[in-house]
Visitor: 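Quick one: this structure, given as structure tokens, is what I'll be asking you about.
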Amino acid sequence: MTRSATETELGRTRRARRIGRVLTETHPDAHCELDHRNPLELAVATILSAQCTDRKVNEVTPKLFARYPSAADYAGAERGEMEEMIRPTGFYRNKTNSLIQLGQALVERHDGQVPGRLDDLVTLPGIGRKTANVILGNAFDVPGITVDTHFQRLVHRWALTTETDPVRIEHAIGAMFPKRDWTMLSHRIIFHGRRVCHARKPACGACTLVKLCPSYGTGPIEPAAAAKLLKGPRARDLAVAAGVDPELVPVQAVRAEAP
């Protein structure tokens, strides 16, 4: 019988919080990886991040932000020019539509300012609940849970919820943690998903959550094989945290972009 079948709701919540504490130690550098200086820049960067890596978005946004510093600038943008600027992020025509319409909506409804309420944010073009929570948590310090693909994958692997709808997942996980922890919890789970618990082959043998994860063994458990799967500039630190020889982490893994 699996852990999830025998675990009480209280037991699951206690395990979730232990996972949260371990992630705090494992990923002290967790943060929003989209570069921004204000709520508008974060909203734009988040729209661009759809089907695109944060690194690529961060390469594109400096020139974009300089060219369009205000909502009115996006509202009045020349479509062809904007498309060329954001082309490297993919789906650039749809994203251009969203950015121009976002600027127009902000000017018409919110005096050109990004609102700080979930109910207002989700009515804006290009902004769904996930994006709204990113903006609230990182631009307004309003706690929010960001249920992206990494977050969904990990909470299912950890058997913290069987819900599949993102809003239901958000509420289920949110109920297990103090509200003040929601934003940073999201960052840490996403960091773990990008650097350790990958979709196709998680680094189970180099993970700090071995004792708390019912899916242990989904990926290789041998330290030498698992260490090669760690990614990012702190890959060797992650190995040490999991009790694995950091020399097993190849140089290319340290240089690799966390997906």
Side-chain angles (χ1 to χ4, degrees), residues 1-7 11-33 49 51-56 130 145-164 166 169 172-173 176-177 184-259:
M1 188 173 291
T2 64
R3 179 202 295 262
S4 58
T6 60
E7 194 171 40
R12 187 160 51 252
T13 297
R14 286 176 172 170
R15 183 167 59 86
R17 292 195 177 191
R18 287 198 295 273
I19 288 172
R21 288 193 292 272
V22 173
L23 290 178
T24 299
E25 297 174 356
T26 305
H27 302 288
D29 57 329
H31 63 281
C32 177
E33 295 189 90
S49 70
Q51 303 298 312
C52 181
T53 65
D54 289 354
R55 177 180 290 183
K56 179 58 67 176
K130 180 185 75 172
I145 289 179
T146 302
V147 183
D148 73 348
T149 55
H150 300 289
F151 193 102
Q152 291 189 50
R153 178 175 74 254
L154 268 60
V155 297
H156 286 152
R157 280 182 174 166
W158 297 333
L160 297 183
T161 181
T162 57
E163 299 289 356
T164 56
I169 293 173
I173 302 304
M176 298 179 180
F177 293 89
M184 285 308 303
L185 174 71
S186 299
H187 288 322
R188 290 166 186 144
I189 290 177
I190 292 168
F191 258 55
H192 200 70
R194 286 175 167 174
R195 290 155 175 78
V196 182
C197 195
H198 311 297
R200 294 181 180 176
K201 191 181 290 186
C204 290
C207 179
T208 54
L209 296 173
V210 168
K211 296 180 180 179
L212 297 168
C213 180
S215 297
Y216 175 70
T218 301
I221 61 175
E222 289 298 323
K228 294 178 181 178
L229 299 173
L230 298 174
K231 289 186 178 180
R234 292 190 64 253
R236 288 179 173 166
D237 293 329
L238 296 175
V240 171
V244 173
D245 182 356
E247 294 302 317
L248 294 173
V249 180
V251 172
Q252 58 266 34
V254 177
R255 294 173 179 168
E257 177 181 359

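Position 1 is the first residue of the sequence, and the numbers go up from there. The structure displayed is predicted, hence computed values, not measured ones.
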Visitor: Please report the shortest heavy-atom distance between A227 and L248, naming the atom on each side.
Guide: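 Scanning both residues, the minimum pair turns out to be CB-CB, 3.6 Å.
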Visitor: Between L238 and H27, is the side chain to side chain contact (heavy atoms under 4.5 Å, CB included) condition met? List the steps.
Guide: CA-CA 8 Å; L238 296 175; H27 302 288; 3.7 Å; yes
Visitor: Which pair of non-hydrogen atoms, one from E7 and one from R15, has the smallest distance, and what is that distance?
Guide: OE2-NE, 2.7 Å
Visitor: For the residue pair I145 and F177, establish whether any side-chain heavy-atom pair is separated by less than 4.5 Å.
Guide: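 No - every pair of side-chain heavy atoms lies 4.5 Å or more apart.
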Visitor: Find the distance between CZ (R55) and OG (S49) and round it off to the nearest 0.5 Å.
Guide: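 The CZ atom of R55 sits 15.5 Å away from the OG atom of S49.
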Visitor: Would you indicate whether the side-chain heavy atoms of E163 and I173 approach each other to under 4.5 Å?
Guide: no
Visitor: Are any of the side-chain heavy atoms of L160 and R12 separated by less than 4.5 Å?
Guide: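 Counting from C-beta outward, L160 and R12 do come under 4.5 Å.
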Visitor: Could you walk me through whether I221 and Y216 pass the side chain to side chain contact (heavy atoms under 4.5 Å, CB included) test, one step at a time?
Guide: CA-CA 8 Å; I221 61 175; Y216 175 70; 3.3 Å; yes
Visitor: State, to 0.1 Å, how close A225 and L229 come at their nearest heavy-atom pair, and which atoms those are.
Guide: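 Shortest heavy-atom contact: O-CG, 3.7 Å.
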Visitor: Name the residue from L154, I19, V196 that meets the side chain to side chain contact (heavy atoms under 4.5 Å, CB included) definition with L209.
Guide: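 Testing each of L154, I19, V196 against L209, the sole residue satisfying side chain to side chain contact (heavy atoms under 4.5 Å, CB included) is I19.
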Visitor: Can you tell me how far apart CG (L212) and CZ (R14) are? Round to the nearest 0.5 Å.
Guide: 14.0 Å
Visitor: For a side chain to side chain contact (heavy atoms under 4.5 Å, CB included) check, start with the C-alpha distance between D29 and H187, then their side-chain angles and the critical distance, and finish with the verdict.
Guide: CA-CA 9 Å; D29 57 329; H187 288 322; over 6 Å; no
Visitor: What's the spacing between Q152 CD and R157 CZ if we round to 0.5 Å?
Guide: 12.5 Å
Visitor: Report yes if the side chains of I189 and W158 come closer than 4.5 Å at any heavy-atom pair, otherwise no.
Guide: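 Sidechains of W158 and I189: in contact.
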Visitor: My understanding is that only residues two or more places apart in sequence, or in another chain, count here; which of them pass side-chain hydrogen bond (donor to acceptor under 3.5 Å, both in side chains) with T24?
Guide: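 If we apply the side-chain hydrogen bond (donor to acceptor under 3.5 Å, both in side chains) test to T24, skipping adjacent residues, the hits are R188.
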Visitor: Which residues pass the ring-ring contact (aromatic ring centres under 6.0 Å, His included) test with H31, sequence neighbours left out?
Guide: F191
Visitor: Between atom CD of E33 and atom OG1 of T53, what is the distance when rounded to the nearest 0.5 Å?
Guide: 10.0 Å
Visitor: Quick one: side-chain contact (heavy atoms from CB on, under 4.5 Å) partners of V240, sequence neighbours excluded?
Guide: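 Here the qualifying residues are P246.
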Visitor: I'd like to know whether V147 forms a side chain to side chain contact (heavy atoms under 4.5 Å, CB included) with K130, so could you lay out the CA-CA distance, the side-chain angles of the two residues, the decisive distance to 0.1 Å, and finally the verdict.
Guide: CA-CA 6 Å; V147 183; K130 180 185 75 172; 5.7 Å; no
Visitor: Does R153 use its side chain to pair, donor to acceptor, with the backbone of G193 at less than 3.5 Å?
Guide: yes
Visitor: Measuring only between side-chain heavy atoms, which start at C-beta, is T208 closer than 4.5 Å to E25?
Guide: no
Visitor: Working to the nearest 0.5 angstrom, can you tell me the gap between Q51 CD and K56 NZ?
Guide: 15.5 Å
Visitor: Applying side chain to side chain contact (heavy atoms under 4.5 Å, CB included) between L230 and each of V249, V244, V254, report the one that passes.
Guide: V249
Visitor: Which pair of non-hydrogen atoms, one from P250 and one from R236, has the smallest distance, and what is that distance?
Guide: C-NH2, 4.1 Å
Visitor: Judged by atom type as modelled, is there a donor-acceptor pair below 3.5 Å linking the side chain of R194 to the main-chain atoms of K231?
Guide: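 Not a single qualifying donor-acceptor pair exists.
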Visitor: If you look at every heavy atom in T162 and H156, which pair is closest and at what distance?
Guide: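 Closest heavy-atom pair between T162 and H156: C-NE2, 4.4 Å.
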Visitor: Closest heavy-atom contact between C204 and S215?
Guide: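 In this case the closest contact between C204 and S215 is SG-O, 4.3 Å.
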